[in-house]
Structure formats: C-alpha cells, structure tokens
Amino acid sequence: MEKKLKVGILGATGMVGQRFISLLENHPWYQVVTVAASARSAGKTYEAAVGDNWKMDTPMPEAVKDLIVMDVSNVKAVAETVDFVFSAVNMSKDEIKAIEEEYAKAEVPVVSNNSAHRWTPDVPMVIPEINPEHFKVINFQRKRLGTTRGFIAVKPNCSIQSYAPALTAWREFEPYEVVATTYQAISGAGKTFKDWPEMNGNIIPYIGGEEEKSEQEPLRIWGTIEDGVIVKAKEPVITCQCIRVPVLNGHTAAAFVKFRKKPSKEELIEKLVTFRGLPQELNLPSAPAQFIQYMEEDDRPQVRLDIDFEKGMGISIGRLREDTVYDYKFVGLSHNTVRGAAGGAVLCAELLTAQGYIQAK
C-alpha cells in the first residue's frame, strides 16, 4: 500500500481501545491519527487521558502519546480526520448502535468490536477465515443507510473463537449437537487483577448475556445472505455454560460434539491443521500462517504456554478423543483480546481493505 490509511479509535482509552493502539503500532497499511473517547477525556493528550490505567504488557506507542483525545460524540469532527474507524466504545447497547450508525452515515466505515450491531440483519459479523462472503451484505446496508462509503461491520463474541473454528473445519461431517463450557479470562470484562482482586483464586459461574451469545452467534456466522439480510443456520444446536476464571488473557472451551457422518480422529485432526481461509490466501498482515494448530500432548493447550500462538491470532485445539455420550470431545483455546477482540477486528479491516470496501477518501 503506497500511503497508509488514516485510522481513528473510538473508545481509545479502554482496554480494547488500548489493544487496538498496541496492535496497530507499525502496521504496514494503517496509521492511527485520531483517538476518541468520552467527554471527560476529550482535550487531554492520550497519555494523560489513560494515566496509570495502561493495561497492555508492551509500552504505550510513542506515536499516540501526544495525540489530543477527541470527543467520540463529535462525529463530524472525528469523521473529517479519518478514512475509517475501529469502535470499542463503552456505552449502553442503544447508544452504541446509534453512534456507530451515525459514523457510518457520516461516510466513515466502522469496524466494531462491540456487540450492539451483531444481530442487525444487514450488518456482517465475520471471522475472516470462516465467513468472508458475508461482507457482500454491506452493499444492501449502504442502500438502507443511504451511504456510498460508510457502513458497519462487526466481529463476533470472543468466547466462540475457542470452538467455532474447529466446528467450521468439521462442517462436512455435519455436526448437529454441541455442548460447550467456556472458561473465560478477566480481560474479557476489561479487567486486570489490579482492578479486580476478588478474582484471585476465585471462579464466578455467570457472565451476563454470554451464554446466549455463545449459543447463537456461531449460527449467524454459518448463515446465508437471503434478500439482503443474513439468515442464521439452524444447526448445530449449541448449549453453553460460561464461567469467569482467574486468568488474565485466554478463553478456554471444553466441547462435546455429535456428528451425522462420524469421522475418525485422524480425519478430524487433518481437517483442523489444513484449514485455511481467505486471509491466508491473501497473506494479510495480521493473518496467522497457521489458523488452527492441533496439540498431541494430554496437558495442552494451556493458557501460559499457548495463548500467544501466531501472535495471539491462532487457535489451539487439543485433547480430541471419542466420548461415551457424544461422538467426540475436545479442548480449545483462543486469545480473547487479540483474536477474540481487537486483532479479529483488525483482520476484518484488512480483508475489507483488500476487497475494496475500505479505501482512502
């Protein structure tokens, strides 16, 4: 790319906003030129607005420290400075829906980490290796919004990335019933152990809204575009429990699957390790060379050892074995704030750029 696209981060001071800042440092296609947050942060330098709440393991990039934080609600002013934005705003669902649509109508493409528009019928919710064809619905969305450049695209919930890729790799064997329990890191709640000391040595068996998302969002990803909207798939039927555990980063899933066409274990592993998508074919900057790895060791994948596989953009699967009630069971692991959040959104943006949906003004 001859000239980098100008990027804005909405909700730049929060944990996911910080992850966007961190991942986009030295990005070959994108340059962060605008950071926006709530009115209380507006007018301060980014460094001052974040203060001692920088939550990343790596230092704050020098290039953003002196950027003056803009008021995210001043859509016109922000829109004038950027080619597109990543959204990680912390507002109510209705407020997020409204402000993201306002940016889109201001002719700014919005690639969102938020859940607010995941079920808007003409908004694509995409894992780029799995359902890139859903981006075609953007043409129908633009007609509804009355835009030529602006649109909204979203990435799905972080927890499903630990098991949905495996189920996708196995689609030809027709999985029809899935039970999954996810063990979710505290960064999924935007927290560190410093913020949430009561999570030390603790498990909370409830995460609001998470089980419904984990059961339904994979079906939308596997859905089809019909009459300008995305219609979710009917199978597999998924039932989930979602548990918060004392881990900083990394969502683990224990899953059980029934297949209509029962495969061998060797066939399942072969489908995992050879699974490739459009990001790999196009060699996108953030695409993992190996999307899914299979680990033979009985005690893998582990958060401490495997969370950074492919810089946090790869999925690790292990403990695949036959089950006495279901056909097979396995354990999956994904990095919830990289692949599951900001990194997944960056990869979506890269694919949207490669396909011409995001362009310089």
Side-chain angles (χ1 to χ4, degrees), residues 3-25 27 29-51 53-55 60-118 120 123 138 141-142 144-155 190 341-342 345-346 348-349 352-353 357-361:
K3 190 176 179 182
K4 291 187 179 184
L5 296 178
K6 294 181 288 187
V7 178
I9 312 293
L10 312 182
T13 55
M15 180 178 273
V16 175
Q18 292 178 23
R19 181 66 76 181
F20 275 121
I21 296 282
S22 168
L23 289 174
L24 292 170
E25 184 179 17
H27 192 282
W29 294 3
Y30 306 141
Q31 180 180 356
V32 177
V33 299
T34 300
V35 288
S38 64
R40 67 177 178 273
S41 295
K44 300 176 182 176
T45 65
Y46 183 70
E47 185 176 30
V50 173
N53 288 317
W54 181 253
K55 299 177 189 291
M60 182 184 292
E62 291 293 327
V64 301
K65 286 183 176 179
D66 293 328
L67 291 179
I68 302 300
V69 179
M70 300 182 73
D71 187 337
V72 73
S73 63
N74 194 346
V75 175
K76 186 173 184 292
V78 174
E80 288 173 350
T81 67
V82 299
D83 293 314
F84 77 100
V85 296
F86 290 108
S87 176
V89 289
N90 183 16
M91 299 175 174
S92 72
K93 192 169 184 175
D94 287 342
E95 289 172 327
I96 292 170
K97 288 182 82 166
I99 200 164
E100 290 183 349
E101 194 160 299
E102 200 176 339
Y103 273 94
K105 287 180 176 178
E107 297 293 4
V108 177
V110 178
V111 182
S112 181
N113 183 75
N114 297 303
S115 65
H117 275 291
R118 287 182 193 157
T120 302
V123 170
I138 287 169
Q141 185 195 145
R142 281 174 167 164
R144 174 176 64 85
L145 296 175
T147 61
T148 54
R149 287 187 82 254
F151 64 86
I152 302 162
V154 300
K155 52 143 290 291
V346 170
C348 281
L352 287 162
T353 302
Y357 291 101
I358 294 175
Q359 299 179 351
K361 286 180 179 174

Next on the checklist: Can you list everything that forms a side chain to side chain donor-acceptor pair (under 3.5 Å) with Ser115? Sequence neighbours excluded, please.
Outcome noted: none
Please list every donor-acceptor pair under 3.5 Å in which a side-chain atom of residues 5-12 meets a protein atom from a residue at least two apart or in another chain.
none

Item to check | Short N-O contact, Glu101 and Lys97, less than 4.0 angstrom | outcome: no
Checklist entry - Side-chain contact, heavy-atom cut-off 4.5 Å: Val123 with Arg118? => result no
Donor-acceptor pairs are to be reported for all side-chain atoms of residues 145-154 against protein atoms at under 3.5 Å, with residues two or more places apart or in another chain.
{"residue": "Thr147", "atom": "OG1", "partner": "Gly150", "partner atom": "O", "Å": "2.7"}
{"residue": "Thr148", "atom": "OG1", "partner": "Glu107", "partner atom": "OE2", "Å": "3.4"}
{"residue": "Arg149", "atom": "NH1", "partner": "Asp83", "partner atom": "O", "Å": "3.4"}
{"residue": "Arg149", "atom": "NH1", "partner": "Glu107", "partner atom": "O", "Å": "2.7"}
{"residue": "Arg149", "atom": "NH2", "partner": "Asp83", "partner atom": "O", "Å": "3.0"}
{"residue": "Arg149", "atom": "NH2", "partner": "Gln359", "partner atom": "O", "Å": "2.5"}

Next on the checklist: Within the structure provided, determine whether Thr120 and Glu100 are in side-chain contact (heavy-atom separation under 4.5 Å).
Outcome noted: no
N/O donor to acceptor pairs below 3.5 angstrom from side-chain atoms of residues 31-41, sequence neighbours left out:
{"residue": "Thr34", "atom": "OG1", "partner": "Thr81", "partner atom": "OG1", "Å": "2.7"}

Item to check | Where at least one partner belongs to residues 60-98, residue pairs that pass ring pair (Phe, Tyr, Trp, His ring centres under 6.0 Å), sequence neighbours excluded | outcome: Phe20-Phe86, Tyr30-Phe84, Phe84-Phe86
Item to check | Nearest atoms (heavy-atom pairs only) where Val75 meets Ala106 | outcome: CG1-CB, 4.0 Å
Next on the checklist: Per the ring pair (Phe, Tyr, Trp, His ring centres under 6.0 Å) rule, what does the pair list look like for residues 61-81, sequence neighbours excluded?
Outcome noted: none
Item to check | Gap separating the CD atom of Glu80 from the CE atom of Met70, nearest 0.5 angstrom | outcome: 8.0 Å
Item to check | CG-NZ distance between Leu24 and Lys4, expressed to the nearest 0.5 angstrom | outcome: 9.5 Å
Next on the checklist: Rounded to the nearest 0.5 Å, what separates atom OH in Tyr103 from atom NZ in Lys76?
Outcome noted: 12.5 Å
Checklist entry - With a 4.0 Å cut-off, would you call Glu62 and Lys65 a salt bridge? => result yes
Checklist entry - So with a 6.0 Å cut-off around CG of Asp71, is the heavy-atom count from everything else above 12? => result yes
Checklist entry - Between Ala88 and Val16, which heavy-atom pair has the shortest distance, and what is it? => result CB-CG1, 3.9 Å
Checklist outcome for this item: Between Ala345 and Val111 the two heavy atoms that sit nearest each other are O-CG1, 3.4 Å
Checklist entry - If you measure from OG on Ser22 to CH2 on Trp54, what distance do you get to the nearest 0.5 Å? => result 6.0 Å
Checklist entry - Under the 3.5 angstrom rule, does the side chain of Gln18 hit a backbone N or O of Asn53 as a donor-acceptor pair? => result yes
Checklist entry - Rounded to the nearest 0.5 Å, how far does OG1 of Thr45 lie from CD1 of Ile68? => result 6.0 Å
Next on the checklist: I need the minimum non-hydrogen distance between Arg19 and Ala342, along with the two atoms involved.
Outcome noted: CG-CB, 3.5 Å
Item to check | Test log, rule side chain to side chain contact (heavy atoms under 4.5 Å, CB included), inputs His27 and Val346 | outcome: CA-CA 10 Å; His27 192 282; Val346 170; 4.0 Å; yes
Next on the checklist: I'd like to know if the side chain of Lys361 reaches the main chain of Val82, judged simply by a donor and an acceptor atom lying under 3.5 Å from each other, with no hydrogens or angles considered.
Outcome noted: yes
Checklist entry - Once you round to the nearest 0.5 Å, how far does CE of Met91 lie from OG of Ser73? => result 6.5 Å
